[in-house]
Amino acid sequence: MEEVLTNPKAGYYINRDVFGADGDFITSPEVSQMFGEMIGVWAMCLWEQMGKPNKVNLVELGPGRGTLLADLLHGASKFKNFTDSLHIHMIECSPALQKLQYENLKCATEDGADENEKRINSTIAESPVSWHAMLEQVPTGLPTIIIAHEFFDALPLHQFQKASRGWCEKMVDVTENSSFRFVLSPQPTPATLYLMKRFKWAETEEIARLNHIEVCPKAIDLTQEISKRIAIDGGGALIIDYGVNGIVSNSLQAIRKHKFVDILDNPGSADLSAYVDFAAIRHSAEEVPGASVHGPMTQSQFLGSLGINFRVEALLDNCTEEQAEYLRTGYWRLVGEGEAPFWEGPDDQTPIGMGTRYLAMAIVNQKQGIPVPFQ
Ligand code: SAH
């Protein structure tokens, strides 16, 4: 999964813009500006709880086109004390997407103090921006706000299946005619250690019901890394993704041009993603002293409590009929559930609500108290 998505030559994300109507799938920041604006409200509230530090790392994991942060910065631009504090760090493996992020954040490059040093600023809020391949590369020592929207679902997972000889990992094999097929491992694999760890966090009855299970070691390790950083440096992380608050059985999917396709069909040409196991994230974060975990709550509750209803009304007060239509469908996609009841357009374009499928969870430094809107 990691190779298929992020291989430096042929990885799915590496050479292209995959989002939107002409791409393979659409995400919340691309659906409406209100998404990034609401995340901005969340980040500002957290920053206040952090004691309004005058220097903060704002890290986004997997920023896609950079739309979320661009909307966040536009929305927060009146709050100068907040935007002046920001040092933006983009964690992005794709050079093509890094370039789009540079453009969408309206970046400008200046010469730094010495000849070889370049400084990049987002002119939306005059904040410095830098790019990294991994969170580890972001300098420590500053309080940090981390945003991960649809990032955890792209982390490589391992699938296990119950067989007569016990739990076996599902592996990919090459057949005689060079196509791919799934097989079960003949003996325990290294990822079995993570399966054992995941089982320790589950009830015996929950495990007994399962014949198939997905475990994401990278999600468990990344959560620990985030939690440790926040426990030491202060701040918090917001994770929003589709998923469940418990063990995920069998959710790995491939999407090309907005349609589900076979996982093994032409790897690298379709997005691979899986449901996020929020319970595993919670347990993993709880192992880190000094970090506290809140949620998950549905995206609908999360955005509603942050005031998206007021925002949509304010925007609707001052727009054309065409923009109003766009705002209403965007609002439904973000907070609604199922098909939009008001839709009068073509059936195959009916907006589908993501309000309950997507969950939000926060990990914060314990000393800061409970973050908004998890109280
Ligand atoms: N957050 C964006 C994009 C989600 S798609 C949005 O909501 O629109 C996943 C993003 O994570 C892409 O930008 C992809 O290039 C990046 N990505 C995936 N795996 C990664 C990895 N292992 N390291 C760094 N970036 C990764």
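Whatever order the structure lists ligands and atoms in, that order sets their numbers, starting from 1.
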A.B. asks: If you count the atoms of ligand 1 from 1 in the order shown, which ones are under 4.0 Å from a heavy atom of Glu150?
C.D. replies: 4 (C), 5 (S), 9 (C)
A.B. asks: Heavy atoms only: which of Ala133, Pro29, Ser28, Gly62 is nearest to atom 10 (C) of ligand 1?
C.D. replies: Gly62
A.B. asks: Starting from atom 6 (C) of ligand 1, locate the nearest protein heavy atom and write down its residue, its atom name and how far away it is, to 0.1 Å.
C.D. replies: Thr27 OG1, 3.4 Å
A.B. asks: Below a 4.0 angstrom heavy-atom separation, can you tell me which part of Cys93, side chain or backbone, both or neither, approaches ligand 1?
C.D. replies: both
A.B. asks: Looking only at heavy atoms of Leu5, does any of them come nearer than 4.0 Å to an atom of ligand 1?
C.D. replies: no
A.B. asks: In terms of side-chain geometry, is the basic nitrogen of Glu287 or Lys197 positioned less than 4.0 Å from the acidic oxygen of its partner?
C.D. replies: yes
A.B. asks: Tell me who clusters with Phe310, hydrophobic residues only, linked when side chains sit under 4.5 Å apart either directly or through other members.
C.D. replies: none
A.B. asks: Can you sort out which atoms of ligand 1 are near Phe19, meaning under 4.0 Å from one of its heavy atoms?
C.D. replies: 3 (C), 5 (S)
A.B. asks: Going by the angle between their ring planes, with limits at 30° and 60°, are Phe82 and Trp47 parallel, tilted or perpendicular?
C.D. replies: perpendicular
A.B. asks: Flag Gln101 as yes when one of its N or O atoms lies below 3.5 Å from any N or O atom of ligand 1, and as no otherwise.
C.D. replies: no
A.B. asks: Only counting residues at least two apart or in another chain, list the ones meeting ring-ring contact (aromatic ring centres under 6.0 Å, His included) with Phe160.
C.D. replies: none
A.B. asks: Looking only at distance, does Gly64 have an N or O less than 3.5 Å from an N or O of ligand 1?
C.D. replies: yes
A.B. asks: Look at the rings of Trp332 and Phe342 and say which category their plane angle falls in: under 30° parallel, 30 to 60° tilted, over 60° perpendicular.
C.D. replies: perpendicular
A.B. asks: Checking the N or O distance criterion of under 3.5 Å, is ligand 1 in contact with His149?
C.D. replies: yes
A.B. asks: How are the rings of Trp201 and His283 set to each other: parallel, tilted or perpendicular (split at 30° and 60°)?
C.D. replies: parallel
